[in-house]
Amino acid sequence: MRNLFRQLLPFDSNSVRWRNFVSTAAFTSKVFLSIGIALFLAFMIQLESPMSTVTTVLIVANPTVGALVSKSVWRMTGTVIGAALSTAVMAMFVQSAVLYFMVLSVFVGLACMTATCLRYFRAYAAVLAGYTIIIVAVPAFAHPENIFMSAMMRVSDVALGIVVTAAVFMVTSPRRRQGTIDALSEAFRETIRHALVFHEGLMNRSGGQEASGSETVGTERAFRSLPQTIYDGRQRLLGQLARLGTAVEYAATDNPDIHAGVRGYRLAVSHMTGLVASYHPYWRNLGVANPLSTPVHREIRDTLTRLLALTETAGWIERPQGVLGCLEESLGRLEVLEGVATSPALQASVDNVRDILLQLRETVLDLSSPRGPDVRVRVLPYLEWMSAIYNGLRGMLIAFLACMIWYITYFPTGPMMIMYVVAASSLLSTAPSAARASLPMAIGTALSVPACWLCHIAALPRVDGYPMLWLSVCACMLPGVWLQFHPRYGVGAFGYTVFLAMQLMITNSMVPDDITLINTWLAILMGCALLVLVFRVIMPADQRLYASRLVISLGRSLQSLSARPAARVPSWMVWEGTQIQKVSILLMRLSLVASPIDRQGYVDGAFAALSLGRLLIRLRQAIEPAGLSVHEREGLEVALASFRTLRRDPVGTAASLMAAARMIGADEAFGAAGLYRVRLVSCLEQSAHILDSIPGFFHANGPLNRWYDERGPATMVSVNPAQ
């Protein structure tokens with residue numbers, strides 16, 4: 001019987017597709033149950049717009065309870081702020097409609113800009129503040145004296161929807177700490193596997209030649225590409241870590257155990273992301289150019305293999321002594337290898353591998369010790385101001401255009417168009433690319449118009465009692481709710497469900513009004529056209545420009561790092577955390593660039609820039625113990641000052657660093673000073689090699705700053721081995 005049941009299923013009950021089907025069905029059922037309870041209570045207490053509670057349910061519902069709680073809290077916060085602002089603006093500018101619309105548009109633009117800057121569902125407070133202003137103001141356009149009651153009704157609708165949704169999901173969704181811990185453990189093991197692939201290959205290739213027989217890096221300084229499987233694995237792992245960071249934030253909202261150690265878990269995810277970013281084609285160059293590094297890579301390969309064996313058990317995070325002991329033993333053996341490292345190339349391998357082991361140790365400590373309140377290191381979120389300002393201008397423009405269209409034409413349902421464009425533009429401001437997401441949002445909203453028509457002609461006239469009404473509403477919203485978290489159709493499905501609820505206009509005493517319905521549909525379709533017009537035609541996104549700004553920001557961070565004295569060098573964890581955020585946004589921007597671009601070269605160049613920052617910090621820390629003479633120190637400062645010309649002449653900066661390395665390496669020293677001198681020279685040589693390998697990454701005439709068919713100096717991201 002079981003076999004027959006499995007044969008009738010659309011797919012294997014043990015497959016990933018089946019598990020996704022079950023989880024989606026469970027989420028949809030919870031949403032529909034929340035809609036039923038919220039709408040029933042809204043009818044019972046005679047709320048003026050009961051469908052607003054349905055809209056709230058659709059917006060705050062999330063399969064993760066922590067995300068739902070966070071979203072609900074910030075939605076309520078944004079609603080209260082928006083209601084207060086709407087009341088104040090109406091009271092101040094009620095005598096002048098045009099001035100009122102201008103001030104309203106400014107507030108909407110500020111809300112969109114703030115939402116772009118904030119992270120997670122904190123951005124949702126700004127979104128809600130933006131379009132709650134309009135939602136509260138619309139019913140009071142004809143009677144401004146009712147603005148306060150409109151604000152109170154909006155707050156009541158949202159509060160009811162939030163409470164019902166939170167109650168349903170918290171009762172029906174188990175919340176376990178172990179699931180998050182298991183995800184962190186698996187991400188740690190995946191990071192180790194990624195590093196192990198590199199070190200195994202480097203150990204085998206460190207005889208001086210690539211497997212393909214190309215020249216050594218010492219002769220060409222080529223920035224070689226990696227196998228496509230490694231690029232695919234790196235992209236998958238970075239995506240996994242990005243999702244894990246979000247999951248930790250949401251789990252901390254709902255789970256006290258996760259909340260107690262959330263700062264440590266954040267740092268652990270940041271450390272793992274930094275480890276993945278540490279491995280790029282430069283590692284291959286270093287291994288090829290330095291045959292003496294074989295023992296170093298053999299040591300870390302054996303250590304990583306032991307770590308994989310030690311982390312197989314489920315409870316290793318609670319009992320990390322074995323893992324920490326393995327790392328300490330490996331660090332001790334590296335010190336022995338460092339004692340015989342008389343060449344800068346071998347010292348470079350030892351230093352880089354030591355950094356990897358230290359990051360692994362810090363990651364284990366962050367995972368195993370719930371030291372959340374004790375963690376003093378905080379990585380501030382990176383604010384992409386250019387994108388934020390652009391989204392703010394879009395929100396301001398579209399709000400003002402919609403208001404003026406209604407003011408000039410006096411279209412009966414013009415306020416509905418204003419509500420739609422403001423709400424949609426506010427929601428789009430939290431998307432990675434608002435311009436790209438505007439078309440799916442408009443298409444999903446447009447599809448809700450025929451769905452609303454079918455509901456009004458086929459379902460609602462035959463409704464007899466609340467159960468039938470609830471089932472009819474759920475049936476109309478089923479496609480959007482089911483596809484809401486689909487990666488391809490999510491934005492359109494979200495627009496379909498949310499704005500279908502806005503159009504249904506189900507009230508306690510419904511009076512059919514076909515003219516109003518038709519005008520409402522026309523207003524929604526006009527809003528869709530206006531949304532696409534502003535976001536895709538009038539103010540389209542320039543992803544190349546956004547990406548180039550991020551590359552410039554990475555270069556400026558390196559320039560600032562090179563100019564700081566040793567006493568003011570920032571913590572590597574803080575500097576790297578900020579740069580990793582830039583690199584993550586850069587990866588997203590590059591994926592959206594329509595014109596041909598060397599995305600792989602830019603990704604490798606961004607990761608190499610992170611390594612360059614690590615070398616600069618290490619270099620600054622080695623200056624004082626190296627015992628440099630006055631002449632050598634002056635030469636070193638001149639080399640570091642050459643970073644000021646990084647955008648104009650990166651090759652010249654590399655030449656200055658190499659000249660300083662030759663000058664410092666010419667004098668021999670012994671003891672601790674000699675060791676730090678070799679370390680200093682190795683940092684200078686590695687930095688010069690990285691800059692030589694990616695001349696077009698930092699250059700002002702790099703590919704991102706030119707059209708794809710434009711030719712000129714430094715048009716390549718990295719050096720081509722065939723040249």
Side-chain donor/acceptor of [X] to backbone N/O of [Y], under 3.5 Å:
X: S591; Y: M588; answer: yes
X: S270; Y: R266; answer: no
X: S86; Y: A83; answer: no
X: Q46; Y: A42; answer: no
X: S105; Y: F101; answer: yes

Checklist outcome for this item: On a heavy-atom basis, the closest approach of T497 and M477 is CG2-O, 3.8 Å

Distance, nearest 0.5 Å, that separates [atom1] of [X] from [atom2] of [Y]:
X: L160; Y: I37; atom1: CG; atom2: CD1; value: 10.5 Å
X: T55; Y: F499; atom1: OG1; atom2: CZ; value: 9.0 Å
X: T28; Y: L33; atom1: OG1; atom2: CG; value: 12.5 Å
X: L85; Y: M90; atom1: CG; atom2: CE; value: 13.0 Å
X: T246; Y: L241; atom1: OG1; atom2: CG; value: 11.0 Å
X: L531; Y: M526; atom1: CG; atom2: CE; value: 13.5 Å

Checklist entry - When the ring centroid of F40 is compared with that of Y466, is the distance short of 6.0 Å? => result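 Yes: the rings meet the under 6.0 Å criterion.
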
Checklist entry - Hey, would you say the F21 and W482 ring centroids sit under 6.0 Å apart? => result yes

Next on the checklist: Under the criterion side-chain hydrogen bond (donor to acceptor under 3.5 Å, both in side chains), I'd like the reasoning laid out for N391 against T116: C-alpha separation, chi angles, the key distance, then a yes or no.
Outcome noted: CA-CA 7 Å; N391 280 337; T116 306; 3.0 Å; yes

Next on the checklist: Pairing donors with acceptors under 3.5 angstrom, does anything connect the side chains of S49 and S52?
Outcome noted: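 S52 and S49 do have a side-chain donor-acceptor pair below 3.5 Å.
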
Next on the checklist: Under a 3.5 Å threshold, yes or no: a donor from one side chain and an acceptor from the other, between S387 and R589?
Outcome noted: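 Side chains of S387 and R589: pair found under 3.5 Å.
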
Item to check | Intermediate values then yes/no, side-chain hydrogen bond (donor to acceptor under 3.5 Å, both in side chains), T445 and Y420 | outcome: CA-CA 9 Å; T445 306; Y420 169 71; 3.1 Å; yes

